[in-house]
Number of protein chains: 2
Amino acid sequence: MLEKEKLKLKAKFFRGFADPTRLAILESLRSGEKTVTEIVQETGQSQSNVSNHLSCLLECGLLKNRRDGKNIHYSIRNAKVEKLLENSDIVLSEVYREIFECARYEE
Amino acid sequence: MLEKEKLKLKAKFFRGFADPTRLAILESLRSGEKTVTEIVQETGQSQSNVSNHLSCLLECGLLKNRRDGKNIHYSIRNAKVEKLLENSDIVLSEVYREIFECARYEE
DNA sequence: TTAACAAATCATCAATTAATGATATGATTA
DNA sequence: TAATCATATCATTAATTGATGATTTGTTAA
C-alpha cells in the first residue's frame, strides 16, 4: 500500500475519535458493556444518531457487539483501545488550554 | 466545564490527528525538527496548505516552533505526543483491515 | 400471528472544513 | 533600500459529514 493510502487510513482511524457523539459513546462504554438504549439515555442523542455512530465505531474496529434477545450490547473492542483512550487523556490534559483557545474548529 | 463541552474539546483534540495532511506532517516530524520548506517537500502538499495545517497543529498544542533566520522550524511538542503516536500505531495495526473496509469515510 | 419493543437504515439538509490561488508579512542579503 | 526567500493569511470553492425524521428489520411476548 502506498504511503499516501496509509495516511488516509490512519486519518480514518483517528476520525473515529474525532466527534463529540462518538467520544460520548466511547466514554460511556469505558465503564463496561451497554445496550443501545442505555447509550441513547446516557448520551442524550437520538436513537438514529447513536445507531449511526455505533455502526461507524463498530466498522472501524473500535467497538464490538453481541445480541442478547431484543437488545444489542456494545463494548470497547479490547484493552488496547482502552489504553489509547487513557493515553490520550494524559496528552489532552497537557494541551487543554491550547485546544480550548484554538479557533480553528468550532464544534 | 460541562461534560458536553469537554467532549467537544476532546473531539477537537483528536481532529488534529484526523486528517491525512496533518498526519503526514506529524509523521514527517517524528524523525526530528524540520522547516516548513522541508515539510512541503516531504509531503508534496502546497505551501499554503502545509502552512494552514501547521498553524492548526501548533494552535492545538501538538507542535512547537522556533524561528531561525528566514526559516521556521517545527517539531513535535513533547515526548507524550510522540508516545501517543506510537500507541496509536499499535492499535491501528490491530484494526487495519476493519478500517480499510469501512466505507463510512471516503478520504 | 399480531403487537410491542429494540435497533438499523435511508434520504435529506445544513454546517464544517480542506484545498487552492493570490496576496501579505517578515527576515536576509545584495 | 531593493530584491529575494520563507512563511502566513485570506477569500473562495467543493466536498464531506453529522443530525434529523421516517421507515424498515429483527426479536420477543401476548
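Please read all numbers here as calculations on a predicted model, not as lab measurements. Letters go in sequence order (proteins before strands), and every chain restarts at 1.
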Handout entry: B/E94 side chain to A/N78 side chain, donor-acceptor N/O pair below 3.5 angstrom
Key =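 Yes, a side-chain donor-acceptor pair sits under 3.5 Å.
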
What is the distance, to the nearest angstrom, from the [atom1] atom on [X] to the [atom2] atom on [N]?
X	N	atom1	atom2	value
B/R22	C/dA19	CZ	C1'	12 Å
B/N71	D/dC5	CG	P	13 Å
A/K70	D/dT25	NZ	P	19 Å
A/N65	D/dG26	CG	P	15 Å
A/L23	D/dG18	CG	P	12 Å
B/I72	C/dG26	CD1	P	11 Å
A/Q45	D/dG18	CD	P	12 Å

Ignoring backbone atoms, test whether [X] places a side-chain nitrogen or oxygen under 4.0 Å from the OP1 or OP2 oxygen of [N].
X	N	answer
B/H73	D/dA6	no
B/Y74	D/dA6	no
B/H53	C/dA19	yes
A/R67	C/dA7	no

Problem - Heavy-atom pair of closest approach, residues B/Q47 and B/V40 - result: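 B/Q47 and B/V40 have their closest heavy atoms at CA-CG2, 3.8 Å.
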
Exercise for the section: Indicate the atoms forming the closest heavy-atom contact of B/L23 with B/F17, along with that distance. Expected result: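 Result for this residue pair: CG-O, 3.1 Å.
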
Practice task
Please check if A/L7 and B/F100 belong to a single hydrophobic cluster, counting links between Ile, Leu, Val, Met, Phe, Trp and Tyr side chain heavy atoms closer than 4.5 Å.
Solution key: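 A/L7 clusters together with B/F100.
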
Dump every N/O contact between nucleotides 9-15 of chain C and the protein below 3.5 Å, one line per pair.
none

Practice task
Going by the side-chain contact (heavy atoms from CB on, under 4.5 Å) test, name the single residue among A/L57, A/I39, A/T35 that passes it with A/Y74.
Solution key: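 Single side-chain contact (heavy atoms from CB on, under 4.5 Å) partner of A/Y74 among A/L57, A/I39, A/T35: A/I39.
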
Problem - With B/L62, the side-chain contact (heavy atoms from CB on, under 4.5 Å) member among B/L29, B/I25, B/V81, B/L85 - result: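 Output: one option passes, namely B/V81.
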
Practice task
For A/K34 and A/E42, run salt bridge (charged side-chain N to carboxylate O under 4.0 Å, His left out): C-alpha distance rounded to whole Å, both residues' side-chain angles, the deciding distance at 0.1 Å, then the answer.
Solution key: CA-CA 10 Å; A/K34 297 217 171 64; A/E42 276 204 35; 3.4 Å; yes

Practice task
For B/R66, enumerate each residue passing the salt bridge (Lys or Arg N to Asp or Glu O under 4.0 Å) test, keeping only those at least two apart in sequence or located in another chain.
Solution key: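 So B/R66 forms a salt bridge (Lys or Arg N to Asp or Glu O under 4.0 Å) with B/E33.
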
Handout entry: Contacting residues from residues 24-37 of chain A, given that a heavy atom lies under 4.0 angstrom of DNA chain D
Key =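 Contacts with DNA chain D under 4.0 Å: none.
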
